[in-house]
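First up is the structure itself, then whatever we jot down about it.
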Amino acid sequence: MYRSHVLVCGGTGCTSSGSLEIIDEMKKEIDSLGLTKEIAVIKTGCHGLCALGPIILVYPEGVFYSRVAVTDVKEIVNEHLLKGRIVKRLVYDETIEGDKLKPLTETDFYKRQHRIVLRNCGVINPEVIEEYIGTGGYEALGKVVTEMTPEDVIQVISDSGLRGRGGGGFPTGLKWKLAAGNDADQKYVCCNADEGDPGAFMDRSVLEGDPHVLLEAMAIAGYAIGASQGYIYVRAEYPIAIERLEIAIDQAREYGLLGKDIFGSGFDFDLGLRLGAGAFVCGEETALMTSIEGNRGEPRPRPPFPAEKGLFQKPTILNNVETYANVPRIILKGAEWFASMGTEKAKGTKVFALGGKIKNTGLVEIPMGTTLREVIEDIGGGVPNGKKFKAAQTGGPSGGCIPFEHFDIPMDYDNLISIGSMMGSGGLIVMDEDNCMVDIAKFFLQFTVDESCGKCTPCRVGTKRMYEILDKITKGQGTIEDLDKLEALCYYIKDNSLCGLGQTAPNPVLSTLRYFRDEYMAHIVDKRCPAGVCKDLLQFVIDPEKCVGCTLCARNCPVSAITGAVKEAHVIDQDKCVKCGVCYEKCKFNAISKK
Amino acid sequence: MANVNIKINGKDVSVPEGSTILEAARLINIKIPTLCYLKGINEIGACRICVTEVKGARSLVTSCVFPVREGMEIITNSSRVIESRKKTLQLLLSDHDKKCLSCIRSGSCELQDLCNEYGVDDENYYAGSTNKYELDYSAPHMVRDNNKCILCRRCVAMCEKVQGIGVIGANERGFTTHISSAFEMGLGSTSCVSCGQCINVCPTGALYEQDSSAGVIEAIADPTKVVIVQTAPAVRAALGEEFGYPIGTNVEGKMVSALRKIGFDKVFDTNFAADLTIMEESNEFLERVNNKGVLPLITSCSPGWIKYCEHYFPDMTENLSSCKSPQQMFGAIVKTYYAEKLKLDPKNIVSVSIMPCTAKKFEIGRDDQAASGYADVDYSLTTRECARLIKKYGIDFNSLADEEYDNPLGTSSGAAVIFGASGGVMEAALRTAVWKLTGETDDSPIDFTEVRGMEGIKSATYNVAGMDIKVAVASGLNNAKTLLEKVKSGEETYHFIEIMGCPGGCINGGGQPRVHADILNSENVRILRAKALYSEDAANEMRKSHDNPSIKKLYEEFLEKPGSHKAHEILHTTYIKRKINEN
Amino acid sequence: MKSLEELKAIREKMQGQIGFRSDSSTGTRVIVGMATCGIASGARPVLTTLVEEVAKKKLENIQITQTGCIGLCQFEPIVEILEPGKEKVTYVKMNSEKAKEVVERHLVRGQVISEYTIEKYIK
């Protein structure tokens, strides 16, 4: 029996900061002190507070060490694990007050969170199936195949109000019901683990931290609709997730939790892994299935819908990782329990990936209906560096921005759509006064143009033209006619594209136009970028009153655009200036301004 | 199948369940424009031209694939729809090489037609960056110009699904998507079989045959050259379409007249050589049957099929008939027998063919196709090139009086003319083979209707002289694949198989006049053209190849008998085994 | 695994381990002095015994931690028991045998063993 568990985060974020080396070092140090039998070192999934990684949690005290380096390990082992003296300088400042430890669950970041999807992330070792079982894993599957009928399962999921977490928000129970109602000699259960939205890593954390919850949920889904085969389509850019899934599937098969005659019920179900190859469009339902079939990943027109004719033309359900992760708990704790959280039309919780200009970047799971203000100020710790909040982008390249006027909006599917945005998969990027909204729209369009599959005309050519107009505007060459053309093009692309990628590609543009039209006008009419981002509209100017002639700027200018004698005011030649900003950063006298 | 009640443009109509909006609209004569849609071949909803409004739908829907439901209300021509179609066209134009004046498709381009219909008044409205592609001239039979491609994917669908080959497809993605082959190989380096079916379904000027008319014009102008032209059976049934005649009009007489006016020294008929082919091939068939030779014997007049066999079924090249195709046999006879007769030096003979085919351009360059020491055929022009030539020479085709072919290589039987339709070669061969087997009587059977028609695979068994002869006919290479796999696995046994590379046979060849997709989607062009040939056959007094007096004379004077040593030297050829995507 | 019983067995086996990894601000804390003086006087076997006994008896809501020097060096090894709502109990001069008793009589049956407490010694 171990007296202490040391949980080291092994998610992608912390791993890239060296957490695997930390684990090795820790084990070595513990070994050398003869404590191996007393202290367990466990690699877990992501805790969510990624801004503070690498993260180590020591139990039973519940000490949260953050930003740990390999060089800190010796001290932690010797001082804390051996002698019981907590290494205060490494403890997350919000969990320690003087000498007293505050539980993690009481910190601002965690106290409003309701971790259902992420309940095992950061707690168990995802590569040991027994640990998953130890938290109640596979009990739901057991209950389903021995006590419930497929109709019962679908009823529970329907009653719970669970809606798709990948962005569409389609009622999960209804989706399963439709597929269950179609007869075929073979049906399929698919999982969309392609997670292509830039900045989104909710699914990744679940796959890396708790892969078994997905396997269990898919088996339950297979039972509900009458499928014996499932596929997890995971993007190749998630190697850790792939490895953990492979291990999990092997272990589940060994225990007979996947394969033939699960729990002796006669129900067969097995899973295969399929890797993506770098195409965002393969996160689209029909493109994903076409890709699994071995074809070029391009979407197909619907109807027929996948519930009727999906993978290999058979009835198929496709759900997002996060949607599935809710299923086992709903089965065990009941539909009412799940429906008691959230809003009237959106039940349960949502995992958000907080990024951008926010103090606590990372992963949070909060009940539907939590307001944007709560997410950003209470949980996220607010906008750093004293800057003012400008907008939050949700839904990635398919979504829109939420400006300050909607700061108190309760976040759920319908509310966000009503203001011109969408929940999307959960990416939430915070922007402050230093972000240019036109530039933001251009950034998302760049992504969409790159990822368009090329099948239909509106998206293949239209998004490119949208991007070119935005580029013109950011370069100060845009006209009012361009803006009209852009807007009309947006509505056309929304109305005519074949799939969701094209249909939602104009959203960032339309949304920023709706709330920040003045910024567009400034770029077009005044040839000015109010946020000071668009390089071609920037001028770096030296204030002759403030300049002392130290020559630091001139010496650092890469194109020799600054002239001036020593101790005399310097001047920037605007024609030569490439707007790199080095002089602005170097000047110690605040004499250079960005206009 | 039950019907559903829907409303289109305010009109109530009852249509079969499962119909698409496009089909339903057609039933009440409402035309919805399409561009990428090819019925049964390319139904992908990609171009977005056929969009219509459906009440309650989130966005516009593509009528070519959207199924109707009870109570659906559809509007096909609201301003929202029309504006959308116009924008789609403008976007297509923004990355299109708009050189209509010098484009081969000007006047028959489906994109151009739609731009006119939808009143596109500014082709540069969405001007921006464009893709610039180099033209692919690597294949001997055709050119691909991706600067004019609108990515409708009709060519890909044709090659992949109908021909079962799939040597072209979309490369890259998004704005830089383009149609090409694996690893950007030039078409000439791949195992493309030159069937040209992709050309037939291309809506714009992106795909077209390599034009060989320059050499022909030069030869005609050269007084030292004797330029002899032969015309394939299928050409006469379709050439008229290039001059406004209804599909299926037989313009043989005018065609001969036009070719004479262009200046060919002799205008002969490939049909003559078709009869010759039957003589040689039926002899070969009976020899294999009697001497336990390799069976089934498979016809060899379709060079697209031959190349396909060499790439994809190399271990069945022994089954191929060693006979050259009628085009090649004709050229061989012209530069040997005919040259001798007229005391011409074959060096000065320029042998030209008018073919419904693009693979013939590949065939003339094959090994073993120079019986006289000079190429059997020097230039092969498609029906389309022939029409352009006629127009270039300022000939008013429609006002020409009918003329007859020159002799002796212009005489042919009804069996010869039906070569142009799928099943025609088989029927022609059976007319002679059965005649041979049943005592060579005058009343031997003429019509073998079981092998006629447009199904992809047909088969029949004929009991002749106590023997059950099992025959099969396939057209379109995917059908050929299906048939041959059954033969290879032993599931089916046949004695004699006719395979044509093009679905429906030569009347649907890759060199035939192009037909607007609207017509392809609604009418059976193949049946209409084939009908012209079967009518000519029925009207001919001489219906069997062996009755052709010019053929008899040829053997008497020159070849001795079918399968003779001389015949083998001049009229037979060899095949090679090829790899896939290695040329 | 063919039955739910097997699943349950594994769960129970792991329960202790996983349950360990949660913030239990409620529940009893058992604090063992593990500074140099503590270790030198034999605190480690005390700690190990406490851990083993608690696991054996499947006691829930008990958190066993170490601490540094408490200051009463001559009384090491020291074990403090903090139960919510009750006064802190400090056991001194502990060894493995006494540790076993503390678990059985104090933690299980709720009886303070006054002979082992510091009050006894100071008196």
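Nothing here was measured: the structure is a model prediction, and the numbers come from that model. Proteins get letters first, then strands, A, B, ... in listed order; numbering begins at 1 in each. Computation of the quantities below employed the complete heavy-atom set of this structure, encompassing side-chain atoms and omitting hydrogens, waters and symmetry-equivalent molecules.
Residues B/Ser129 and A/Arg465 are in side-chain contact: their nearest non-hydrogen atoms beyond the backbone lie under 4.5 Å apart. With a 4.5 Å cut-off on side-chain heavy atoms, A/Pro301 and B/Phe66 do not count as touching. In this structure the side chain of A/Tyr492 reaches within 4.5 angstrom of the side chain of B/Ser84, judged on heavy atoms. Proximity of A/Val461 to B/Phe175: side-chain heavy atoms (C-beta onward) are separated by under 4.5 Å at one or more points.
A side chain to side chain contact (heavy atoms under 4.5 Å, CB included) with A/Thr457 is found for exactly one of B/Ile150, B/Leu35, B/Leu151, B/Leu92, namely B/Leu92.
Contacts with chain A were tallied for B/Gly45, B/Ser59, B/Gly169, B/Gly128; B/Gly128 has the most, counting heavy-atom pairs under 4.5 Å. Of the listed residues A/Pro303, A/Gly297, A/Pro304, A/Pro299, the one with more heavy-atom pairs under 4.5 angstrom with chain B than any other is A/Pro303. Chosen from A/Ala279, A/Ala488, A/Gly454, the residue pairing most often with chain B at heavy-atom distances under 4.5 Å is A/Gly454. When each of B/Thr88, B/Asp95, B/Val51 is scored by its heavy-atom pairs under 4.5 Å with chain A, the top score falls to B/Thr88.
Within a 6.0 Å sphere centred on CD of B/Glu70, heavy atoms belonging to other residues, nucleotides or ligands number more than 12. Around atom NZ of B/Lys99, no more than 12 heavy atoms belonging to other residues, nucleotides or ligands sit under 6.0 Å away. No more than 12 heavy atoms of other residues, nucleotides or ligands shown are found within 6.0 angstrom of NZ on A/Lys309. Counting non-hydrogen atoms of other residues, nucleotides and ligands closer than 6.0 Å to CZ of A/Arg514 gives a total above 12. For B/Tyr133, the OH atom sits in a packed shell: over 12 heavy atoms of surrounding residues, nucleotides or ligands are nearer than 6.0 Å. In the displayed structure, B/Lys86 atom NZ is contacted under 6.0 Å by more than 12 heavy atoms of other residues, nucleotides or ligands.
The contact between A/Gln503 and chain B is made entirely by side chain atoms (from C-beta outward), counting heavy-atom distances below 4.5 Å. If you measure heavy-atom distances from A/Arg300 to chain B, you find no contacts under 4.5 Å at all. Of the two parts of B/Asn131, neither the backbone nor the side chain holds a non-hydrogen atom closer than 4.5 Å to a non-hydrogen atom of chain A. No part of B/Thr176 comes within reach of chain A, as not one of its non-hydrogen atoms sits under 4.5 angstrom from that chain. A/Lys455 touches chain B through backbone and side chain together, each having a heavy atom under 4.5 Å away. In this structure, chain B has a heavy atom under 4.5 Å from the backbone of A/Ser497, while its side chain stays farther away. Contact annotation for B/Val65: both backbone and side-chain heavy atoms come within less than 4.5 Å of a heavy atom of chain A. Residue B/Ala57: no heavy atom, backbone or side chain, is found under 4.5 Å from chain A. Within the 4.5 angstrom heavy-atom criterion, only backbone atoms of A/Lys494 (N, CA, C, O) approach chain B. Looking at B/Glu83, neither its backbone nor its side chain comes within 4.5 Å of chain A, counting heavy atoms on both sides.
Cation-pi contact between A/Lys485 and B/Tyr125: present, with separation from the ring centre below 6.0 Å and deviation from the ring axis of at most 45°.
For the atom pair CG of A/Asp450 and CZ of B/Arg173, the computed distance is 5.5 Å after rounding to the nearest 0.5 Å. Considering CG of A/Asn496 and NZ of B/Lys87, their distance stands at 9.5 Å, rounded to 0.5 Å.
Salt bridge present: A/Glu298 and B/Arg153 bring a charged side-chain N and a carboxylate O closer than 4.0 Å.
What you find for A/Pro458 and B/Arg48 is that their closest heavy atoms are CD-CG, 3.3 Å.
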(request) Might you work through the side chain to side chain donor-acceptor pair (under 3.5 Å) test for B/Thr177 and A/Arg460, ending with a clear yes or no? (result) CA-CA 9 Å; B/Thr177 308; A/Arg460 182 182 72 240; 5.8 Å; no
